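As the structure is a prediction and not an experimental result, all values here were calculated from the model.
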Amino acid sequence: MAIAMGWHKPDNVAGSSAPAIMVGLFVATGGLLFGYDTGSINGILAMKSFVEHFNTGYTDVSGAITMSPKEVALIVAMLSAGTMIGALLSAPAGDKWGRRRSLITAVAVFCIGAIFQVCATNVATLVVGRTIAGIGVGLVSVLVPLYQSEMAPKWVRGTLVCAYQLSITMGLLIAAIVNILTQSINGAAAYRIPMGLQLSWACVLALGLLVLPETPRYLIKRGHKEAAALSLSRLRRLDITHPALIEELAEIQANHEYELALGPDTYKDVIFGHPHLGRRTLTGCGLQMLQQLTGVNFIMYYGTTFFNGAGVVDPYKISVILQVINTVSTLPGLLVVESWGRRRLLIVGAIGMAICQLLIASYATANGDENRTVQNQILIIFVAIYIFFFAASWGPVVWVVTSEIYPLKVRAKSMSVSTASNWLLNFGIAYGTPFMVDTKSPDSGGSVNLGSKVFFVWGAFCILAIGFVWSMVYETSKISLEQIDEMYERVDHAWNSRRFEPSWSFQQMRDFGFSDSGIPPTEPQLELQQSRSSSSAETSQSGTSASATTGTTTTTTSQDDKVLAQLGHVDLSY
């Protein structure tokens with residue numbers, strides 16, 4: 001399976017990565033909850049039966065019954081308001097109850113919100129249901145990438161986190177297909193069937209989470225070393241006494257102890273902590289905000305109604321086609337996220353998105369109301385190309401970067417803050433877009449009526465995103481989560497991060513007393529590292545000599561060190 005996906009386990013990695021990959025892919029399906037909910041409301045808002053049942057007397061310029069921009073904005077945006085709350089709650093929940101149990105709770109909250117939506121007979125009840133569901137989605141949006149990054153081997157970590165975005169796109173596609181199948185049904189079943197189906201996978205996900213292991217890094221954070229060893233043993237398919245497993249677990253623990261020595265794990269430390277936690281938090285928040293400001297959720301939330309207003313024939317079919325492109329285009333991102341790296345993929349994606357959006361807006365501005373047929377063709381073609389670039393880059397890679405760049409002690413808190421910034425912008429865009437592009441209101445109160453010119457706004461933010469990635473995003477591929485701390489310590493500028501090579505481990509800092517500043521060891525200390533690769537006989541002799549010289553009873557080697565020395569080429573970091 002791994003080879004078919006374009007990546008395979010390095011030969012020098014001990015154990016099996018299959019359990020971790022399967023667990024990571026299953027948990028990634030939590031993205032279906034958000035993707036399906038977003039896609040279903042996109043089509044439901046344009047359904048005739050929904051408008052008739054929830055209309056409060058509002059009509060457009062032609063006198064047709066419809067939903068007011070304010071009502072549409074409220075229905076769509078309150079999900080995002082709930083997700084922002086859920087994202088902020090994810091840190092205390094994830095740190096107190098664990099990543100796995102918090103995910104189960106999040107799915108339960110989502111189900112409650114979905115039931116409210118299915119039973120809703122007025123806008124107020126529907127809004128309450130979407131807000132509650134949003135809290136569950138917000139919890140999931142932080143905890144799924146967090147869970148994946150903490151249990152995945154380093155060589156496939158980025159791909160597994162990308163699978164979360166793939167699940168979001170699959171949810172969007174499934175919702176578009178369901179909408180096109182139910183939109184012609186007479187009565188409330190047209191919109192209640194799509195709303196109710198979102199409960200199905202939520203229940204499957206909750207049942208699966210009951211048997212999955214907790215992440216070893218969380219268990220180390222809580223001081224449960226034995227439980228962490230058992231969890232890692234399941235994920236790596238190694239015996240609990242295997243030297244490679246012992247080494248990885250020791251590195252995780254040593255790194256956590258080093259992080260705690262630098263300061264507390266409070267929310268204040270998220271901004272002012274060391275090493276460079278403020279820069280990392282700014283990077284995560286900036287990426288999450290720019291992901292929304294590329295305009296993707298303008299298409300995902302309002303694509304059907306926007307194409308309908310623009311005069312596009314059969315907007316439901318267009319939405320299905322765009323969702324197919326969105327899903328398929330995520331796969332190239334999974335294939336190259338490790339080989340290209342995070343920085344290059346984000347920059348190429350932002351360039352492609354900016355070109356597409358500026359071309360759409362420029363042509364619409366130059367032609368005004370003329371050549372509407374050609375304008376719509378250009379709109380659809382370049383929106384499809386734009387979605388390709390987004391789905392292959394900014395869609396999945398933003399989640400990858402924000403799940404990797406934070407140290408263990410504040411990872412949940414930092415991820416919750418950065419993800420909350422995503423949902424804050426999501427709420428603003430979801431609420432403001434109807435007023436930005438609405439062209440059928442009987443009065444212009446509060447509406448800007450940009451139409452296709454709104455792509456000027458999204459294109460400008462894509463250009464800003466290029467500069468942000470170049471100056472702020474460090475390359476985190478092919479190194480362990482613990483080595484990312486060393487990179488932020490030693491590399492001054494993001495554009496130099498691709499040349500970073502790890503030089504020491506946190507075990508060495510703990511065992512040999514390297515300075516708390518994180519400065520790489522001096523030459524005499526480097527000799528201690530080299531002793532691990534010597535023969536067992538030389539190691540035994542040097543240990544005896546060192547004991548005699550220092551006059552202490554502590555030897556510099558152990559039985560584990562001798563076994564590790566014999567492994568030679570095996571990579572013991574994941």
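- The side chain to side chain contact (heavy atoms under 4.5 Å, CB included) check on Lys96 picks up nothing, with sequence neighbours excluded.
- Residue Phe54 places its CZ atom among more than 12 non-hydrogen atoms of other residues, nucleotides or ligands, all under 6.0 Å distant.
- Residue Leu408 comes nearest to Lys221 through the heavy atom pair O-NZ, 3.9 Å, listed as atom of the first residue, atom of the second, then distance.
- Separation of atoms CH2 (Trp470) and CD1 (Ile347) is listed at 6.5 Å; rounding is to 0.5 Å.
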Worksheet item: Ser149 and Tyr406: side-chain contact (heavy atoms from CB on, under 4.5 Å), yes or no, with the steps?
Response: CA-CA 11 Å; Ser149 67; Tyr406 304 118; over 6 Å; no

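- A distance of 8.5 Å separates CD1 of Ile466 from CE of Met353, quoted to the nearest 0.5 Å.
- Annotation: side chain to side chain contact (heavy atoms under 4.5 Å, CB included) contacts of Thr266 (sequence neighbours excluded): Pro264, Lys268, Asp269.
- Between Phe388 and Cys356 the shortest side-chain heavy-atom distance does not fall below 4.5 Å.
- In this structure, Ile85 CD1 and Leu139 CG are separated by 10.5 Å, a value rounded to the nearest 0.5 Å.
- Heavy-atom contacts from other residues, nucleotides or ligands closer than 6.0 Å to CE of Met170 number 12 or fewer.
- Of all non-hydrogen atoms in Arg344 and Arg498, the two that sit nearest each other are NH2-NH2, 3.5 Å.
- Distance check: Ile351 CD1 to Leu346 CG gives 11.0 Å after rounding to the nearest 0.5 Å.
- Here Arg411 pairs with Glu150 under the salt bridge (Lys or Arg N to Asp or Glu O under 4.0 Å) rule; sequence neighbours left out.
- Nearest approach of Thr125 to Phe116, heavy atoms of both residues: CG2-O, 4.0 Å.
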Worksheet item: Would Trp97 and Thr105 satisfy side-chain hydrogen bond (donor to acceptor under 3.5 Å, both in side chains), going step by step from the backbone distance to the final call?
Response: CA-CA 10 Å; Trp97 300 330; Thr105 303; over 6 Å; no

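- In this structure, Glu214 has no salt bridge (Lys or Arg N to Asp or Glu O under 4.0 Å) partners at least two apart in sequence or on a different chain.
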Practice prompt. For the pair Ser141 and Trp399, evaluate side-chain contact (heavy atoms from CB on, under 4.5 Å) and give the outcome as yes or no after the intermediate values.
Written response: CA-CA 9 Å; Ser141 68; Trp399 296 107; 4.1 Å; yes

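- Residues Val320 and Gln323 have side chains not in contact (no heavy-atom distance under 4.5 Å, counting atoms from C-beta outward).
- With Arg236 contributing its side chain and Pro19 its backbone, the two residues share no donor-acceptor pair below 3.5 Å.
- Sorted by first and then second residue, the pairs that involve residues 278-296 and meet salt bridge (charged side-chain N to carboxylate O under 4.0 Å, His left out), not counting sequence neighbours, are Arg280-Asp485.
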Item to complete: Test Phe390 against Trp458 for ring pair (Phe, Tyr, Trp, His ring centres under 6.0 Å), laying out the working first.
Response: CA-CA 12 Å; Phe390 177 85; Trp458 313 134; over 10 Å; no

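- The two residues Thr281 and Ser414 come nearest to each other via the heavy atoms OG1-OG, 4.1 Å.
- Nearest heavy-atom pair across Leu199 and Ala114 is CD2-CB, 3.7 Å.
- Distance alone, capped at 3.5 Å, places no donor-acceptor pair between the Tyr147 side chain and the Arg99 backbone.
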Worksheet entry | Worked verdict on Ile75 versus Met67 for side-chain contact (heavy atoms from CB on, under 4.5 Å) | CA-CA 10 Å; Ile75 291 170; Met67 305 292 290; 3.9 Å; yes

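- Under a 3.5 Å cut-off, the side chain of Tyr164 and the backbone N or O of Val400 do not form any donor-acceptor pair.
- A donor-acceptor pair is defined here as one N or O able to donate and one able to accept, closer than 3.5 Å; no such pair exists between the side chain of Arg342 and the backbone of Val397.
- Side-chain contact between Asp37 and Gln117 is present, with heavy atoms from C-beta onward closer than 4.5 Å.
- Judged purely by atom type and a 3.5 angstrom limit, Arg343 has no side-chain atom pairing as donor or acceptor with the backbone of Glu475.
- The distance from atom CG of Leu345 to atom CH2 of Trp394, rounded to the nearest 0.5 Å, is 10.5 Å.
- For the pair Val140/Phe110, no side-chain contact is recorded, criterion being any heavy-atom separation below 4.5 Å from C-beta on.
- Side chain of Thr327 to backbone of Thr169: a donor-acceptor contact under 3.5 angstrom is found.
- When all heavy atoms of Cys111 and Ala202 are compared, the closest pair comes out as SG-CB, 3.6 Å.
- Summarising the geometry, atom CD belonging to Glu338 is positioned 7.5 Å from atom SG belonging to Cys162; distances are rounded to the nearest 0.5 Å.
- The salt bridge (Lys or Arg N to Asp or Glu O under 4.0 Å) check on Arg101 picks up nothing, with sequence neighbours excluded.
- With hydrogens and angles ignored, the 3.5 Å screen pairs no side-chain donor or acceptor of Gln288 with any backbone N or O of Ser421.
- Counting heavy atoms from C-beta outward, Ser167 and Phe34 have side chains that stay 4.5 Å or more apart.
- Without hydrogens or angle criteria, Arg222 side chain to Asp95 main chain gives a donor-acceptor distance under 3.5 Å.
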